[in-house]
Amino acid sequence: MSTLTPGLRPSPVRPPVPAAPEPRAARFRLSPADRDVLWLYLLTRISLWITAHFARWLFPAQSGVRETAPVLAPFQRWDANHYLHIARDGYFPAGTGPWTSGWDNREAFFPGYPLLLRAVHTVVPDWTAAGLLISLLAGAVAVLALARVARAHLPEEGAGHRTVVLFLLSPCAVFLAAGYTEALFLAFALPAWLAAMRHRWALAAVLTTLGTAVRVSGLFLAAAIGLLFLLSARAGGGRRTWRSAGWTLLPALPPAAYSWYLHAHTGDWMAWKHAQERGWYRTFHPPWEAWANTWTGAFGGTQSTGYAFMFQAELAAMLVGLALVALLVRRRRWPEAVYVALSLWALGTSYWYTSVPRATLLWWPLWIGLAALSLRRPWFRTAYLCVVAPVTTLVALTFLTGRWAG
């Protein structure tokens with residue numbers, strides 16, 4: 001991972017924070033580079049939809065069946081079902097809750113995505129289609145913002161396009177297309193980061209607040225943007241910059257409001273956290289214990305081969321994240337280091353690791369660093385694609401055929 005260093009060094013030619021604000025009209029105009037990114041995004045969506053279509057024919061849930069599953073069935077898996085149930089029935093339908101036998105712990109999921117899903121469902125009758133539409137549009141916003149962040153950091157021609165290529169072909173990219181929160185969160189988080197880089201603190205705070213309504217990861221983003229604000233203010237932002245300090249507190253409102261709502265129904269201010277502990281083994285354990293338990297699941301012969309493979313992927317993703325944080329610290333990219341480090345702490349202090357590979361989608365410094373490396377060392381792009389392509393295909397198939405969790 002040390003070869004990522006070139007991509008993590010801010011370019012002296014094009015600094016990450018522009019000296020002059022971008023004209024308002026240019027912020028919304030699509031450049032040829034933006035259109036190229038959107039075309040690439042559409043092509044990868046088509047590729048995933050083709051994969052899903054053939055997967056339901058070639059890999060049915062049971063052998064010997066003579067009818068395929070519904071067209072959208074491959075995308076309605078695991079967390080997507082939780083969001084559907086919340087959007088359709090609410091968090092505590094008919095007085096049920098954590099006190100009910102067989103409870104699904106749905107309060108572990110923040111309300112931003114289910115609320116939007118319910119709204120879109122008023123126009124799109126099929127719940128799965130509504131979720132896919134949200135992810136499709138949110139993903140388009142996310143890749144546009146990612147490309148612009150990359151172009152702000154890297155001087156090479158095609159930096160934004162290359163970053164998006166590596167991101168969309170990353171091992172867990174299938175979750176950007178499914179009815180999950182990754183695409184929607186990034187649609188808020190990446191524009192928020194772009195606004196913060198341009199010192200547009202009010203816009204960054206509003207977008208981050210929308211992100212905290214979707215995922216707890218929004219709080220990690222808020223901490224990173226808060227640090228970026230402090231560094232900018234200390235570097236000579238002046239009294240006008242300090243007057244914007246209050247905006248950095250805004251992202252705390254959605255989690256606070258959600259905790260109040262849960263307390264009103266359960267008497268527990270941290271009901272969402274306790275639901276995660278009950279349903280996904282997210283009770284606190286020291287990092288070394290979490291590593292040891294995950295290692296045992298991966299290589300100790302205690303799990304079936306499918307589950308063991310997933311634990312191996314968790315370990316690999318954790319190592320990538322730790323290497324990324326170390327490189328960001330080395331390059332004194334403190335806000336990005338804080339963002340990724342908080343994510344790793346949250347994911348790395350459970351009984352064992354869960355969802356770390358999916359979390360890599362949210363670490364945009366990783367994809368920008370890999371893009372820089374591939375632009376400066378052309379052999380790396382070929383090596384990366386040769387290694388990642390089969391892994392990405394395998395992960396997509398395991399999710400689309402219902403085999404992701406072992």
Side-chain angles (χ1 to χ4, degrees), residues 36-81 83-84 124 126-143 146 161-187 305-307 309-310 312-314 316-317 355 357-362 367 370 381-406:
D36 189 33
V37 164
L38 287 178
W39 177 241
L40 171 65
Y41 175 71
L42 178 60
L43 288 177
T44 58
R45 300 311 90 189
I46 293 173
S47 176
L48 269 172
W49 297 332
I50 292 173
T51 303
H53 172 70
F54 285 109
R56 67 192 183 94
W57 283 87
L58 297 175
F59 305 103
Q62 298 178 348
S63 60
V65 298
R66 297 180 181 274
E67 295 183 0
T68 62
V71 172
L72 300 181
F75 293 99
Q76 195 60 47
R77 309 284 186 186
W78 295 288
D79 289 2
N81 286 318
Y83 293 120
L84 185 156
V124 181
D126 185 270
W127 286 102
T128 304
L132 294 180
L133 179 61
I134 292 172
S135 292
L136 176 66
L137 298 179
V141 174
V143 296
L146 176 61
H161 182 274
R162 182 62 57 83
T163 302
V164 171
V165 167
L166 301 183
F167 172 67
L168 291 177
L169 296 181
S170 60
C172 288
V174 66
F175 292 99
L176 296 169
Y180 275 56
T181 57
E182 277 77 5
L184 183 61
F185 175 75
L186 288 172
T305 56
Y307 278 111
F309 172 78
M310 296 302 168
Q312 293 167 22
E314 299 284 348
S355 302
R358 278 172 50 198
T360 62
L361 293 170
L362 311 183
W367 310 113
L370 291 175
R381 178 184 64 175
T382 303
Y384 175 89
L385 293 178
C386 287
V387 171
V388 168
V391 177
T392 302
T393 303
L394 178 64
V395 171
L397 282 174
T398 55
F399 175 82
L400 295 169
T401 60
R403 297 170 172 83
W404 170 249

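Worth knowing before you read on, the calculation uses all heavy atoms, side chains too, and leaves out hydrogens, waters and symmetry mates.
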- Query: Donor-acceptor pair, Thr392 side chain versus Leu169 backbone, under 3.5 Å?
  - Reply: yes
- Message: Could you check whether any side-chain N or O of Tyr384 sits under 3.5 Å from a backbone N or O of Leu166, counting only pairs where one atom can act as donor and the other as acceptor?
- Response: yes
- Query: If you take all heavy atoms of Leu361 and Phe167, which pair is closest and at what distance?
  - Reply: O-CE1, 3.3 Å
- Message: Please check this pair: side chain of Tyr180 against backbone of Val174, looking for a donor-acceptor N/O pair closer than 3.5 Å.
- Response: no
- Checking Thr68 side chain against Trp57 main chain: does a donor-acceptor pair fall under 3.5 Å? no
- Task: Take Phe59 and Thr398 through the side chain to side chain contact (heavy atoms under 4.5 Å, CB included) test and state the conclusion after the steps.
- Result: CA-CA 10 Å; Phe59 305 103; Thr398 55; over 6 Å; no
- Describe, in one word, how the ring planes of Trp78 and Phe399 are oriented to each other, choosing from parallel (under 30°), tilted (30 to 60°) and perpendicular (over 60°). tilted
- Query: Of all heavy-atom pairs between Arg403 and Met310, which one has the smallest distance, and what is that distance?
  - Reply: O-CE, 4.0 Å
- When rounded to the nearest 0.5 angstrom, what is the spacing between OH in Tyr83 and CH2 in Trp127? 15.0 Å
- Query: Side chain of Trp367, backbone of Thr360: donor and acceptor closer than 3.5 Å?
  - Reply: yes
- Query: Can you tell me how far OG1 of Thr305 sits from CD of Gln312, rounded to the nearest 0.5 angstrom?
  - Reply: 9.5 Å
- Query: Can you tell me if Arg56 uses its side chain to pair, donor with acceptor, with the backbone of Ala69 under 3.5 Å?
  - Reply: yes
- Message: Applying side chain to side chain contact (heavy atoms under 4.5 Å, CB included) to Phe175 and Thr181, what does each step give before you reach the verdict?
- Response: CA-CA 8 Å; Phe175 292 99; Thr181 57; over 6 Å; no
- Arg77 side chain to Leu400 main-chain N or O, any donor-acceptor pair under 3.5 Å? yes
- Check the pair Arg45 / Leu48 against side chain to side chain contact (heavy atoms under 4.5 Å, CB included), numbers first and verdict last. CA-CA 5 Å; Arg45 300 311 90 189; Leu48 269 172; 3.6 Å; yes
- Minimum side-chain heavy-atom gap His53-Val71 below 4.5 Å: no
- Look at the side chain of Ser47 and the backbone N and O of Leu43, then say whether any donor-acceptor pair between them is shorter than 3.5 Å. no
- Message: So which atom in Ser135 and which in Leu176 form the shortest heavy-atom distance, rounded to 0.1 Å?
- Response: CB-O, 3.4 Å
- Query: If every non-hydrogen atom of Pro357 is compared with every non-hydrogen atom of Ala313, which pair is closest and at what distance?
  - Reply: CG-O, 3.7 Å
- Identify the two heavy atoms, one from Val124 and one from Ala129, that lie closest to each other, and give their separation to 0.1 Å. CG1-CB, 3.8 Å
- Message: Is there a side-chain contact between Ile50 and Ile46 in this structure, where contact means two heavy atoms from C-beta onward sitting under 4.5 Å apart?
- Response: yes
- Side-chain heavy atoms of Ser170 within contact of Val388, under 4.5 Å: no
- Task: Could you tell me which non-hydrogen atom of Leu184 sits nearest to which non-hydrogen atom of Ile134, and how far apart they are?
- Result: CD1-CG2, 4.4 Å
